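Before any comments, here is the structure.
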Amino acid sequence: MAFASFILYAFLLLQFSIGSHGLEMNMIKPEDDQPRHPSPDLSLNVFFKITDLYLGNKIQIYLASKKDSTPTQLLSKEEADSIPFSLSKLPHLLEYFSFSNTSSQAKAMQTTLKQCEVKPIGGEVKTCVTSLKSMMEMTRHFFGMVKPKVLTTKILSSKHTLYQNYTIVEKPKEVNTSKVIACHTMAYPYMVYYCHGHKGHMTRLFKVALGGDNKERINAIAVCHMDTSKWDRDHVSFRILGVRRGSSPVCHVIPVDNFVWFA
Ligand SMILES: *[C@@H]1O[C@H](CO)[C@@H](O)[C@H](O)[C@H]1NC(C)=O
Ligand SMILES: *[C@@H]1O[C@H](CO)[C@@H](O)[C@H](O)[C@H]1NC(C)=O
Ligand SMILES: *[C@@H]1O[C@H](CO)[C@@H](O)[C@H](O)[C@H]1NC(C)=O
């Protein structure tokens with residue numbers, strides 16, 4: 001199903017935002033580097049460490065491509081604004097799109113709407129946009145008078161393997177930024193982007209040239225979240241990378257049809 005493949009991002013993002021309200025028990029071992037544990041769900045293996053970013057290093061990651069999903073309909077702002085976009089309207093929306101309330105589509109819509117209604121965590125800017133025009137308006141508001149630039153990940157080969165080892169074939173180039181906002185596609189019957197960002201240096205941005213074991217080339221955009229201290233303590237990336245919350249930046253490649261705006 002078209003939007004099932006985007007559920008992953010909804011899932012990852014949801015965990016970014018939930019945070020933990022529990023008390024921190026001080027049972028953490030001093031050493032940072034515990035063994036990595038790639039997830040048996042291959043599509044979760046999107047994370048790497050900032051110290052992995054050097055010429056010649058191999059990283060084993062899952063990289064979703066556009067081809068995994070049939071195109072999702074992009075609505076004009078007028079069309080999108082005529083459809084309610086809120087969790088409280090979900091029963092009405094399921095009727096409107098003719099989805100049963102137990103279908104996977106219904107679950108995906110619920111996850112997306114919930115995620116879009118979660119309040120931002122400290123210093124974060126987050127919003128969901130339902131059309132490209134709304135995305136442009138959002139960037140104008142976020143960046144003010146400064147005209148932002150945009151980056152996307154590009155797969156340069158026609159054959160793409162979703163999960164493999166990639167060698168970093170050029171020295172990674174950091175992109176200087178003062179503000180970054182990333183817009184991720186979400187599981188929904190039409191195109192919805194979840195955009196979240198920071199002012200300041202919470203996020204570092206890199207251009208990384210990857211060569212797959214299958215010889216494919218990817219010009220990837222990677223983001224590193226420098227401060228994970230407010231993330232959910234059980235965020236899947238911590239186990240995969242063998243790190244503790246807040247102890248180490250967490251990086252991932254931006255999937256193909258997502259945008260990173262920066263200035
Ligand atoms: C799903 O729909 C059925 C019948 O339309 C209804 O009885 C049920 O309460 C609904 N369940 C939820 C979780 O909304
Ligand atoms: C990546 O390389 C490692 C070490 O050579 C190997 O154990 C692993 O199976 C490879 N992963 C994939 C997805 O090919
Ligand atoms: C990034 O900024 C640093 C210091 O502000 C500067 O030395 C460097 O040349 C800049 N890099 C790029 C690619 O603009």
Side-chain angles (χ1 to χ4, degrees), residues 1-16 29 31-70 104 108 151-174 182 184-187 203-226 228 231-232 234-245 247-258 260:
M1 190 60 216
F3 63 31
S5 65
F6 293 123
I7 291 174
L8 160 68
Y9 275 88
F11 169 69
L12 296 174
L13 289 165
L14 198 59
Q15 299 207 33
F16 284 134
K29 292 202 202 106
E31 66 267 21
D32 246 11
D33 274 7
Q34 286 146 25
R36 299 188 193 200
H37 294 284
S39 170
D41 176 353
L42 298 184
S43 65
L44 291 178
N45 294 319
V46 298
F47 302 104
F48 54 90
K49 294 186 191 178
I50 198 165
T51 50
D52 291 329
L53 279 177
Y54 59 91
L55 176 64
N57 191 28
K58 267 196 179 189
I59 53 176
Q60 176 181 274
I61 49 169
Y62 183 95
L63 186 55
S65 80
K66 225 177 216 157
K67 285 208 204 109
D68 307 341
S69 59
T70 50
S104 59
L151 286 171
T152 59
T153 289
K154 293 189 183 70
I155 298 179
L156 304 179
S157 329
S158 52
K159 50 183 174 132
H160 175 59
T161 303
L162 290 172
Y163 185 55
Q164 62 175 325
N165 284 304
Y166 293 96
T167 306
I168 298 176
V169 293
E170 284 168 28
K171 191 163 178 274
K173 287 189 200 75
E174 179 158 9
H184 306 285
T185 49
M186 298 296 276
T203 312
R204 286 172 69 180
L205 200 57
F206 297 88
K207 293 183 183 176
V208 189
L210 299 173
D213 272 1
N214 71 343
K215 304 274 185 274
E216 76 179 297
R217 264 295 305 267
I218 294 177
N219 284 345
I221 303 305
V223 294
C224 294
H225 299 279
M226 302 308 293
T228 62
W231 289 14
D232 187 281
D234 298 321
H235 192 274
V236 63
S237 65
F238 300 148
R239 181 169 164 76
I240 290 173
L241 297 178
V243 299
R244 283 180 287 111
R245 174 171 69 172
S247 75
S248 161
V250 169
C251 307
H252 61 94
V253 166
I254 294 290
V256 169
D257 47 4
N258 293 207
V260 178

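We count ligands from 1, going down the list as the structure has it; atoms in each ligand are counted the same way. Here, residue 1 is the first one in the sequence, and each next residue gets the next number. Note that the structure is a prediction, hence the values are computed from the model and not measured.
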Every pair of nitrogen or oxygen atoms between ligand 2 and the protein that is under 3.5 angstrom apart - can you list them with their distances to 0.1 Å?
residue, atom, partner, partner atom, Å
ligand 2, 2 (O), Asn165, OD1, 3.4
ligand 2, 2 (O), Asn165, ND2, 2.4
ligand 2, 11 (N), Gln60, OE1, 2.7
ligand 2, 11 (N), Asn165, ND2, 3.0

*asked:* Could you walk me through whether Phe238 and His37 satisfy the ring-ring contact (aromatic ring centres under 6.0 Å, His included) test, starting with their C-alpha distance in whole Å, then the side-chain angles of each, then the deciding distance to 0.1 Å, before giving a yes or no?
replied: CA-CA 9 Å; Phe238 300 148; His37 294 284; over 10 Å; no

*Excluding sequence neighbours, so at least two apart, what forms side-chain hydrogen bond (donor to acceptor under 3.5 Å, both in side chains) with Thr161?*
Asn214

*For Asn57, check side-chain contact (heavy atoms from CB on, under 4.5 Å) against everything at least two apart and list the hits.*
Asp52, Tyr54, Ile59, Ile168

*Tell me, please, which residues at least two apart from Glu170 pass side-chain hydrogen bond (donor to acceptor under 3.5 Å, both in side chains).*
none

*asked:* Tell me whether the rings of His252 and His225 are parallel (<30°), tilted (30 to 60°) or perpendicular (>60°).
replied: parallel

*Using a 4.5 Å cut-off on heavy atoms from C-beta on, say whether the side chain of Leu156 contacts that of Asn219.*
yes

